[in-house]
Amino acid sequence: MSCLPIFGELVERGCVFQATDEAGIEALLASGAAPVYVGIDPTAESLHLGHLLPLLTLRRFQRAGHRPIVVLGGATALIGDPSGKFSERVMLAPETVEEATESIRRQIGRFLDLAPDPWGARILNNRDWIHPLGVIPFLRDVGKHFPMGAMLGKESVRTRLGTEGSGLSFTEFSYLLLQAYDYDHLCQSEGCRLQVGGSDQWGNITAGIDLIRRRQGLEAYGLTLPLVTTAAGTKLGKTEAGTVWLDAQRTSPYAFYQYLLQIDDRDVGRLLRYFSERECAAIRALEEAHALEPEKRTAQKALAYELTALVHGSRETDRVMRVSETLFDGRSISDLDSESFRLLESAIPGTVVPATPEGWQLVDLLVATGLVSSKSRARSDIQAGAISVNQLRVDAVGKRLARDEFLWGRYLLLRHGRRHYAWVRLDREG
RNA sequence: GGAGGGGUACCCAAGCGGCCAACGGGGGCAGACUGUAAAUCUGCUGGCUUUUGCCUUCGUAGGUUCGAAUCCUACCCCCUCCA
């Protein structure tokens, strides 16, 4: 079967950070359907935005006719990858890794076609071949191929040993060997000769390539993706409030959409090239339109819509968009109908409170909805003019809300700052 | 095993008996300006209590003292060098 050219497109999109041998990779991909492998260590119950680029890259390979393989690190997650980490990690409990492996396995189906045919993606767990391995066979057959000098020269090892206050245990030091063994194993069992990973995976990938050359005498390849950072200097998807997860229970589709909508102008073009399925020419057109009228956030909207739809489905994304427009288009609260409020309730955080004759203290409601962290904080924020109720700014610190201030006798829309909203609903009884 | 250095709020980092809820920087949040941007300026950044205070916090547990993050004892953890 014939495959579509893909390597050039990845380069054009800026998705190739490093490649071991570009000509070799192109030749491999041109020769027919090739297995392509990405490893993910299940260290949490959900994937997050940072996992998206590797997965979407596999998706592109699959579209082009190649076969994606995702290796879940059921074994390696128990060790911990020192790459890109500045200090020794806390070891995860086996049960934790077990659960994380299963929930991540379920998430991957959204991005890859798992059909049981030759093009179907495969999801494997490296514990299946690492656990049966005995210590002595491992040291003789794998460890013997790793010269100490090369190990100590690895970036991930050097930074850890060279950093005051950090360190590196033998356990984490061995991580490299396990991942190299993964690649070697896949090469043998699946004929896989291309591994893709984040930029911090370069050392692990090349270690695998070396091992394959030594044990099997075969040439294997690797390419790394850029680390996706923002103009603010942070990793994409890492905020002060926490990680942007792909699981709707952890990061609501609304929060997910809003995060992308608020992407810095300087980043949005690059992110579209990484994540969007649009052609590069279409993305350039979007960028030009955006440059003319940046306040319209055309590019951000395109990015946010496309990714939210990919992760949470287009139906949910339409709801989330409607809520966003309702909250931010500056319309008066009285234009909202109770139907919109029901929609809001499903998208943004909020709380249900019982009706009381004496009404509610605003500071208590702000804390109850999670909009602010404490009553002291709520008071000072009210004084700073940061709090609105039903889109009207509140200036009285001791503000009490009686039933007649609730819309339709039931709802309040609280706002903290420009963009943090929460709802309050009175319980029917009482 | 030996010697030395160190553990302070989200992070870095001062403080080394009372004036310490703890200097400063970063980050974060908020206000002004805006585009739900960026940059800039301003304020806030343990909790409770509407300002008087009270409670909790400086690795852990005790102790000395009118009074401790600061002194003493034991323990835990980290780093560096030597073995």
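Proteins come first, then strands; the chains are lettered A, B, ... in the order of their sequence lines, and each starts at number 1.
- At the heavy-atom level, A/Leu327 lies nowhere under 4.0 Å from the strands shown.
- In this structure, the CG atom of A/Asp381 is 13 Å from the P atom of B/A32, given to the nearest Å.
- Rounded to whole Å, the separation between the C1' atoms of B/G27 and B/C77 comes to 27 Å.
- Distance check on atom P: B/U51 versus B/A32 gives 27 Å, rounded to whole Å.
- By the neighbour-count criterion of 12 heavy atoms within 6.0 Å, atom CD of A/Glu102 is densely surrounded, having more than that number from other residues, nucleotides or ligands.
- Close to B/G47, at under 4.0 Å from its OP1 or OP2, lies a side-chain N or O of A/Ser374.
- For B/A37, one of the phosphate oxygens OP1 or OP2 lies less than 4.0 angstrom from a side-chain nitrogen or oxygen of A/Arg419.
- When side chains are defined from C-beta on, A/Phe341 counts as touching A/Leu413, because their heavy atoms get closer than 4.5 Å.
- Within the nucleic acid shown, A/Gly398 comes within 4.0 Å of at least one base atom, counting heavy atoms only.
- Within 4.0 Å of A/Arg393, counting heavy atoms only, lie sugar-phosphate atoms of the nucleic acid but no base atom.
- With salt bridges taken as basic N to acidic carboxylate O contacts below 4.0 Å, one links A/Glu9 and A/Arg13.
- Within the 4.0 angstrom heavy-atom criterion, no nucleotide atom of any strand lies near A/Lys296.
- When both distances must be under 3.5 Å, the Watson-Crick or G-U wobble mate of B/U64 does not exist.
- OP1 or OP2 of B/G46 has not a single side-chain nitrogen or oxygen of A/Arg377 nearer than 4.0 Å.
- For A/Glu295 and B/U34, a side-chain-to-base donor-acceptor distance below 3.5 Å is absent, hydrogens and geometry of angles not being considered.
- Using a 4.0 Å heavy-atom distance criterion, A/Glu240 is classed as a sugar-phosphate-only contact.
- With no hydrogens or angles considered, a side-chain donor-acceptor pair links A/Gln107 and A/Ser46 at under 3.5 Å.
- Residue-level contact check: A/Asp264 touches the backbone only, with heavy atoms under 4.0 Å from sugar-phosphate atoms and none from bases.
- Contacts of A/Glu293 with the nucleic acid, taken as non-hydrogen atoms under 4.0 Å apart, are absent.
- A close approach under 4.0 Å does occur between a side-chain nitrogen or oxygen of A/His420 and OP1 or OP2 of B/A30.
- Rounded to a whole Å, the CZ atom of A/Arg379 is 8 Å from the P atom of B/C48.
- Whole-Å rounding puts the A/Ile382 CD1 to B/U49 C1' distance at 15 Å.
- Between B/G6 and B/C33, the distance separating the two C1' atoms is 46 Å to the nearest Å.
- No side-chain N or O of A/Gln195 forms a donor-acceptor pair with one of A/Asn204 less than 3.5 Å apart.
- Atom C1' of B/G62 sits at a distance of 14 Å from the matching atom of B/C76, rounded to the whole Å.
- Remark: the separation of the P atoms in B/C41 and B/G4 is 48 Å, to the nearest Å.
- Between B/G59 and B/A9, the distance separating the two P atoms is 8 Å to the nearest Å.
- Spacing between B/A68 and B/C54 at atom P, rounded to whole Å, works out to 15 Å.
- For the OP1/OP2 pair of B/U49 and a distance below 4.0 Å, the side-chain nitrogens and oxygens of A/Lys375 include at least one atom meeting the criterion.
- Between A/Lys301 atom NZ and B/U36 atom P there is a gap of 10 Å when expressed in whole angstrom units.
- The closest side-chain donor-acceptor pair between A/His416 and A/Asp381 falls under 3.5 angstrom.
- Of all nucleotides present, only B/U42 satisfies the Watson-Crick or G-U wobble test against B/A30, with each distance under 3.5 Å.
- Residue A/Tyr259 contributes atom OH, which lies 15 Å from atom P of B/A37 at whole-angstrom precision.
- Between the P atoms of B/G31 and B/U36, the separation comes to 13 Å (whole Å).
- Here the C1' atom of nucleotide B/C29 and the NE2 atom of A/His416 are 6 Å apart, to the nearest Å.
- Taking atom CG on A/Asp265 and atom P on B/U36, their separation rounds to 12 Å, with Å as the unit.
- Looking at A/Trp360, its side chain does come within 3.5 Å of a backbone N or O of A/Pro354 through a donor-acceptor pair.
- If you check B/A83 for Watson-Crick or wobble pairing at under 3.5 angstrom, you find it has no partner at all.
- When Watson-Crick and G-U wobble pairs are counted only if both distances are under 3.5 Å, B/A22 pairs with no nucleotide at all.
- Between the C1' atom of B/C29 and the CG atom of A/Leu366 lies a distance of 14 Å, rounded to the nearest Å.
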